[in-house]
There are 2 protein chains.
Amino acid sequence: MLKLSKKVEYGLIAVRHIASLNNQISTVKEISEKYTIPSDVLAKVMQRLTKGKLISSHQGAMGGYTLARRAEEISVMDVIAVIEGTQVGIAQCFSEEPQNCSIFHNCTIKNPLGKIQHNLELVFNSMKVSEIV
Amino acid sequence: MLKLSKKVEYGLIAVRHIASLNNQISTVKEISEKYTIPSDVLAKVMQRLTKGKLISSHQGAMGGYTLARRAEEISVMDVIAVIEGTQVGIAQCFSEEPQNCSIFHNCTIKNPLGKIQHNLELVFNSMKVSEIV
DNA sequence: ATGAAATAGGACTACGCAAGTCGTATTTGC
DNA sequence: GCAAATACGACTTGCGTAGTCCTATTTCAT
Ligand code: SF4
Ligand code: SF4
């Protein structure tokens, strides 16, 4: 409960790695070996980060990935949001249709939880990749 | 990912309910019907809250539950910690033996994540039941 | 041109946890 | 003694996470 997925952790490690090398091009093989991450899993993480425009891919031999923005402009929240396609919410009614929760109408805690959700987002938004290199 | 469990939500609803009734004794049946919560599930949640000394149980006919502390002294974090027996951690290495994570030794993000973890705890600790009645 | 190095992406499996159900025992007020 | 309530363990089901496997595509270097 409340745990980040491994994919997100891998994504953060990868993005931080590229940033720490001053945005030098890096490959999946290089990163997966250095940090002992299953390369297939990391590959798909990188593909999502590419689709989310946080990094840029360079296909073919001598290819790899570079950052698509400055490290100061990539937050932990960005990485989470891109890797988890869905909306991140501390409760069901924040991440999907509120009606999906059978007790939505007489739920007495959704407003307080909304406040907490907002504060959590502030925390994740405020930490940038540039701070963790 | 990052979602509270239903048990925690049920626990918060129940604790808030009792608090809103000015600590009048309340039963599982009463709460489960009012909020459409499966009574068996709620029952076990209440038992955990009792073991965690957040509420007090009164067995037998005319029994039920009351708060064991003032609503100002029960935080959302307390409820989470008691219902989830385990340590709540944003990453594996915070909730179990660090060695369990195969990449612990060369993990470059555990310190930053630790900082985030700390901030999240502040958020959950600062919201008290008395604020959500 | 050809082959090697790299990204792109779908299909599938295995495992663990969340949520709920069921059955039974125990306590206690009337 | 009966009914209302808590206590608690065993079980099922479904879903999400993590990982594996396989194939296609792109592009550089020889
Ligand atoms: S409505 Fe209440 S119970 Fe349903 S998801 Fe939102 S917060 Fe949780
Ligand atoms: S060590 Fe790094 S990767 Fe392993 S759990 Fe802690 S943070 Fe996540």
Side-chain angles (χ1 to χ4, degrees), chain A residues 1-11 13-14 18 25-33 36-52 55-66 68 80 83-92 95-96 100-103, chain B residues 1-11 13-14 18 25-33 35-52 55-66 68 80 83-86 88-92 95-96 100-103:
Chain A
M1 208 207 72
L2 281 177
K3 205 172 295 179
L4 294 173
S5 72
K6 283 294 178 192
K7 285 183 187 172
V8 166
E9 294 194 327
Y10 297 159
I13 289 174
I18 301 175
I25 195 165
S26 309
T27 70
V28 165
K29 186 165 188 291
E30 166 191 341
I31 299 177
S32 73
E33 283 175 355
T36 340
I37 297 172
S39 58
D40 284 333
V41 177
L42 180 61
K44 278 210 273 279
V45 168
M46 300 303 267
Q47 286 162 22
R48 292 205 207 176
L49 290 173
T50 304
K51 275 200 170 179
I55 62 180
S56 308
S57 76
H58 307 274
Q59 290 197 341
M62 296 283 100
Y65 296 95
T66 53
I80 294 175
I83 292 182
E84 311 286 325
T86 70
Q87 179 75 11
V88 279
I90 199 185
Q92 190 185 18
S95 52
E96 27 181 309
N100 285 9
C101 179
S102 55
I103 73 181
Chain B
M1 209 206 75
L2 282 178
K3 206 171 294 180
L4 294 173
S5 71
K6 284 294 178 191
K7 286 183 188 173
V8 167
E9 294 194 327
Y10 297 159
I13 290 174
I18 301 175
I25 194 166
S26 309
T27 69
V28 165
K29 187 164 187 291
E30 166 191 341
I31 299 177
S32 74
E33 283 175 354
Y35 303 101
T36 339
I37 298 172
S39 58
D40 285 335
V41 177
L42 180 60
K44 279 211 271 279
V45 167
M46 300 304 266
Q47 288 161 23
R48 291 205 205 175
L49 290 173
T50 304
K51 276 200 170 178
I55 63 180
S56 309
S57 76
H58 307 273
Q59 289 195 343
M62 295 283 101
Y65 296 94
T66 53
I80 294 175
I83 292 182
E84 310 287 323
T86 70
V88 279
I90 200 185
Q92 190 183 20
S95 52
E96 29 180 310
N100 286 9
C101 178
S102 56
I103 73 180

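So that the names make sense, note that chain A is the first sequence line, chain B the second, and so on, each numbered from 1.
For the pair B:Leu42 CG and D:dA5 P, the interatomic distance rounds to 14 Å; values are reported in whole Å. Computed from coordinates, the B:Tyr65 OH to C:dT27 P distance equals 15 Å when rounded to whole Å. Residue B:Gln92 contributes atom CD, which lies 17 Å from atom P of C:dC15 at whole-angstrom precision. Rounded to a whole Å, the CE atom of B:Met46 is 16 Å from the C1' atom of D:dA4. If you take NZ of A:Lys6 and P of C:dC17, they are 13 Å apart, rounded to a whole angstrom. Rounded to whole Å, the distance from NE2 on A:His58 to P on D:dT27 is 12 Å. A straight line from CD1 of B:Ile25 to C1' of C:dT28 spans 12 Å, rounded to a whole angstrom. Taking atom CE of A:Met62 as the reference point, atom P of C:dA6 lies 6 Å away to the nearest angstrom.
In this structure, B:Val28 and A:Asp40 both approach DNA chain D, and ranking their closest nucleotides by distance from the 5' end singles out B:Val28. Taking the nucleotide of DNA chain C with the nearest heavy atom to each of A:Met1 and A:Ala43, the more 5' of the two is matched to A:Ala43.
Between B:Met1 and A:Ile80 the shortest side-chain heavy-atom distance falls below 4.5 Å. For the pair B:Arg48 and B:Lys7, the minimum side-chain heavy-atom distance is below 4.5 Å.
Checked against A:Tyr10 for a side chain to side chain contact (heavy atoms under 4.5 Å, CB included), the options A:Ile31, A:Ile83, A:Leu49, A:Leu42 give a single hit: A:Leu42.
Applying the 3.5 Å distance criterion, the base of D:dG9 shares a donor-acceptor pair with the side chain of B:Lys44.
For B:Ser5, counting side-chain heavy atoms from C-beta on, the closest listed nucleotide (C:dT7, C:dT28, C:dA19) is C:dA19. Nearest nucleotide to the side chain of B:Pro38, out of C:dG20, D:dA7, C:dA6: C:dG20.
Residue A:Tyr10 places no side-chain N or O under 4.0 Å from the OP1 or OP2 atom of D:dT17. Between A:Ser57 and C:dA6 there is no side-chain polar atom (N or O) within less than 4.0 angstrom of OP1 or OP2.
Rounding to the nearest 0.5 Å gives a distance of 4.0 Å between CD1 of A:Ile55 and CE of A:Met46.
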**Request:** Could you go through the side-chain contact (heavy atoms from CB on, under 4.5 Å) check for A:Lys6 and A:Val41 one step at a time?
**Result:** CA-CA 9 Å; A:Lys6 283 294 178 192; A:Val41 177; over 6 Å; no
